[in-house]
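Okay, so here's the structure we're looking at.
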Amino acid sequence: MSRIAGIIGQGIEQAAHFESLLGAAMLAGDWKTWQETSGPAMIGWCGRKAPQALAREGTIVVLDGTIYNRAALGPSSNDPELIADLYRAHGFPDTVKKLNGDFAIALYDARSDTLWLGRDRFGVKPLYYAKTAEAFAFASRPRPLLELAGVSREVSRRFVALFAGSHYRYFDNDPAASPYRDIRQLPAGHTLSFKNGAIAIWRYWQLEEAPDFSASEEELAERYRELLADAVAIRLRAAERPAFTLSGGLDSSSVLALAGRTSGERPDAVSAVYRDATYDESAEIQDMVGAHVRQWHAVKIDTPDVFEVAAEMIAAHDEPVATATWLSHYLLVKELRQFGYRSIFGGLGGDELNAGEYEYFPFFFADLKVAGGDHELEREVKAWIRHHDHPIFAKSHEVVADAMARLVDLSHPGMCRPDTRRLLRYASALNPEYFRLEDFTPVMEHPFQSYLKNRAYQDLTRETLPCCLRAEDRQATAFGLDHFLPFLDHRLVEFMFRVSGILKIRDGITKRLLRSAMRGILPEATRTRVKKMGWNAPAHRWFAGRGKDMLLDLVRSRSFRERGIYNLAEVERIITEHDEIVTSGRSVENHMMFLWQMLNLELWFRWLERLPRQAAFRYT
């Protein structure tokens with residue numbers, strides 16, 4: 001768990017900017033600092049362990065993260081030394097191609113006066129940058145860059161509008177954007193160079209079309225198990241005092257069980273549990289606890305002070321937080337730190353690789369239809385209805401027909417369309433003079449001939465995963481924890497994008513190959529469980545009753561109204577309707593995610609307004 005930052009510019013060594021990025025007052029608790037100056041560049045690292053940094057022969061390297069395959073790449077004694085050695089031999093883009101790890105890297109070469117940045121393939125580690133007339137600066141999070149002269153605190157109007165009136169899947173449609181007008185992200189799987197005042201960016205890795213494997217399900221399941229087990233093992237070697245997040249699902253359970261097999265000891269686990277039964281998985285978790293867990297920490301979350309906790313989270317994130325689920329995670333990680341753990345493992349990425357979300361079914365159906373498998377399609381639709389019908393989210397042939405008409409282009413194999421119904425559900429709550437959501441067209445990439453693969457690719461790169469990785473990183477780091485996500489080992493991802501859809505969904509059941517791979521490892525009740533509750537939080541109750549009154553007070557405040565973002569009458573109607581839905585128990589979809597986003601957006605603006613200028617910044 002660490003952070004990196006730096007600045008490069010002629011004469012900048014006499015400026016006070018660097019103290020705002022890396023001064024001792026930035027740090028909390030037992031964090032250590034390291035910094036080096038070379039000509040116009042000042043590069044720094046801070047973190048809890050020994051510095052992941054090196055200055056040697058005109059080369060400065062700082063690293064946030066871990067390289068898992070160092071032993072296979074050379075005799076280097078640590079990760080920064082490995083990166084420096086590979087750079088001298090191969091150059092920077094080819095260096096990062098060779099790395100299996102979760103990393104944000106900065107390397108300054110004084111001989112060529114070039115700054116290089118690199119980010120891991122999926123963006124597990126964050127990296128931001130800003131360019132002013134005088135300098136180029138980078139940091140692991142936005143806030144240090146906001147301290148620089150020439151970097152405005154103006155927010156991105158498009159980001160604000162999407163957060164205010166749309167769905168979290170569209171917040172990260174531009175992987176290079178940030179919530180701030182003058183700050184950019186280095187996209188996952190990319191490198192950047194800064195030389196002679198010019199920025200150049202290259203993509204060093206991406207998933208590409210390749211033939212599906214022809215091996216049997218049994219052979220592929222064995223290979224899957226081996227890859228996932230190794231992904232867990234190499235991360236376990238890097239982890240200090242780990243705990244494992246555990247839900248009732250397959251992903252977190254598989255990571256935990258394989259960690260136990262690797263270490264020969266039962267791991268410790270932590271779960272968010274709720275008195276409200278809507279999203280509580282306590283009963284399902286017990287199957288794993290009894291078979292595989294040494295000590296289980298059940299973090300009970302009832303009705304937290306959502307305003308207070310969300311404000312804490314925003315201070316740790318530098319931006320609003322995408323979904324209410326992450327409030328539960330924040331409280332969970334906070335408690336883990338009090339228990340003395342130093343690392344946290346999770347199952348993020350498993351749904352995308354294994355077609356684990358309900359949203360994947362229409363795209364699987366579209367692949368069957370284009371392939372001419374009408375009989376197979378009919379059988380799968382019936383199984384989907386049988387297994388997954390829901391009082392609010394009904395399953396039927398009509399629902400399938402509607403979804404396929406809206407979400408796929410059957411005349412162009414693999415072409416997925418944005419869900420405009422989801423995108424524009426709350427467009428009427430947005431002030432059109434601020435931004436017209438109807439004018440926003442999401443980028444939908446389609447590198448594959450399969451609808452299902454393109455949908456998963458979209459989730460990995462532009463929709464579900466980026467906001468989750470950002471929250472995971474900010475919150476783990478806020479409490480001094482390293483975090484590890486074995487499903488995002490690039491070898492495993494590349495493997496799963498060559499697995500056919502029928503080995504991911506079959507007979508109306510998701511994650512088929514993972515279920516086969518975990519036979520004999522997971523308890524049968526866990527391995528064969530069909531119903532997916534999904535990791536969520538009972539935020540519907542947080543915004544009803546007293547929560548409703550607090551939201552109305554917020555909406556009626558002068559600051560909220562003067563921002564001009566919302567249609568105020570429509571917002572009040574949504575708040576009132578949400579309260580009525582929850583208190584009456586009606587089986588209709590409520591508005592908890594919209595209300596969570598609205599609250600976060602307003603609290604973020606208030607945080608920005610209170611943020612002191614040119615003050616020493618404290619990393620947390």
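This chain uses plain numbering: 1 for the first residue, then up along the sequence.
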Task: Test side chain to side chain contact (heavy atoms under 4.5 Å, CB included) applied to Ile234 and Arg237, step by step - done: CA-CA 5 Å; Ile234 60 178; Arg237 287 197 290 270; 2.9 Å; yes

TODO: Dump the intermediate steps for side chain to side chain contact (heavy atoms under 4.5 Å, CB included) on Leu331 and Val309, then the final yes or no.
DONE: CA-CA 9 Å; Leu331 296 177; Val309 178; 4.2 Å; yes

Between the side chains of [X] and [Y], does any donor sit under 3.5 Å from an acceptor?
X	Y	result
Asp489	Tyr68	no
Gln458	His446	no
Asp351	Tyr360	no
Arg203	Gln206	yes
Tyr87	Asp94	no
Glu312	Tyr330	yes

Task: Sub-4.5 Å side-chain heavy-atom contact between Pro486 and Phe345 - done: yes

Sub-3.5 Å donor-acceptor pair from the side chain of [X] to the main-chain atoms of [Y], do we have one?
X	Y	answer
Ser156	Arg181	no
Arg337	Phe479	yes
Gln52	Val62	no
Thr132	Ala135	yes
His190	Ala188	yes
Asn69	Ala72	no
Ser328	Ala272	no
Asn454	Phe448	yes

Taking NZ, NE, NH1 and NH2 as the nitrogens, is one of them in [X] or [Y] under 4.0 Å from a carboxylate oxygen of the other?
X	Y	result
Asp251	Lys511	yes
Arg141	Asp318	yes
Lys125	Asp64	yes
Arg88	Asp109	yes
Arg455	Glu357	no
Glu494	Arg121	no
Asp419	Arg169	no
Asp85	Arg70	no

Open item on the list: If I take atom CZ from residue Arg225 and atom OG from residue Ser254, how far apart are they, to the nearest 0.5 angstrom?
Closed with: 11.0 Å

Open item on the list: Just verifying a value: how many Å separate Ile67 CD1 and Ser76 OG, rounded to the nearest 0.5 Å?
Closed with: 11.0 Å

Open item on the list: Under the criterion side chain to side chain contact (heavy atoms under 4.5 Å, CB included), I'd like the reasoning laid out for Tyr224 against Met496: C-alpha separation, chi angles, the key distance, then a yes or no.
Closed with: CA-CA 8 Å; Tyr224 190 172; Met496 287 304 294; 3.7 Å; yes

is_close_aromatic([X], [Y]), centroid dist under 6.0 Å:
X	Y	answer
Phe159	Tyr180	no
Phe495	Phe213	yes
Trp596	Trp326	no

- [ ] Please report the C-alpha distance between His483 and Gln475 in whole Å, then the side-chain angles of each, then the deciding distance to 0.1 Å, and finally whether the side-chain hydrogen bond (donor to acceptor under 3.5 Å, both in side chains) criterion is met.
- [x] CA-CA 10 Å; His483 62 107; Gln475 296 184 175; over 6 Å; no

- [ ] Going by the salt bridge (Lys or Arg N to Asp or Glu O under 4.0 Å) test, name the single residue among Lys504, Lys453, Arg498 that passes it with Asp212.
- [x] Lys453

TODO: Establish, for the pair Arg184 and Tyr129, whether the NZ or CZ atom is under 6.0 angstrom from the six-membered ring centre and no further than 45 degrees off its axis.
DONE: no

Task: Distance under 6.0 Å and angle within 45° of ring axis: Arg241 vs Tyr341 - done: yes

TODO: Show the numbers, then the answer: is there a side chain to side chain contact (heavy atoms under 4.5 Å, CB included) between Leu514 and Leu228?
DONE: CA-CA 10 Å; Leu514 180 59; Leu228 182 56; 4.3 Å; yes

Open item on the list: Tell me the closest heavy-atom pair linking Gln597 and Ser166, and the distance in Å.
Closed with: NE2-O, 3.1 Å

TODO: Work out which heavy atom in Thr66 is nearest to a heavy atom in Ala238; give both atom names and the distance.
DONE: CG2-CB, 3.8 Å

Task: Parallel, tilted or perpendicular: ring planes of Tyr168 versus Phe171, cut at 30 and 60 degrees - done: perpendicular

Open item on the list: Name the residue from Phe92, Phe136, Tyr108 that meets the ring-ring contact (aromatic ring centres under 6.0 Å, His included) definition with Phe194.
Closed with: Phe136

Open item on the list: Set out, in order, the CA-CA distance, both residues' side-chain angles and the distance that settles salt bridge (Lys or Arg N to Asp or Glu O under 4.0 Å) for Asp182 and Arg153, then state yes or no.
Closed with: CA-CA 8 Å; Asp182 292 348; Arg153 294 188 178 186; over 6 Å; no

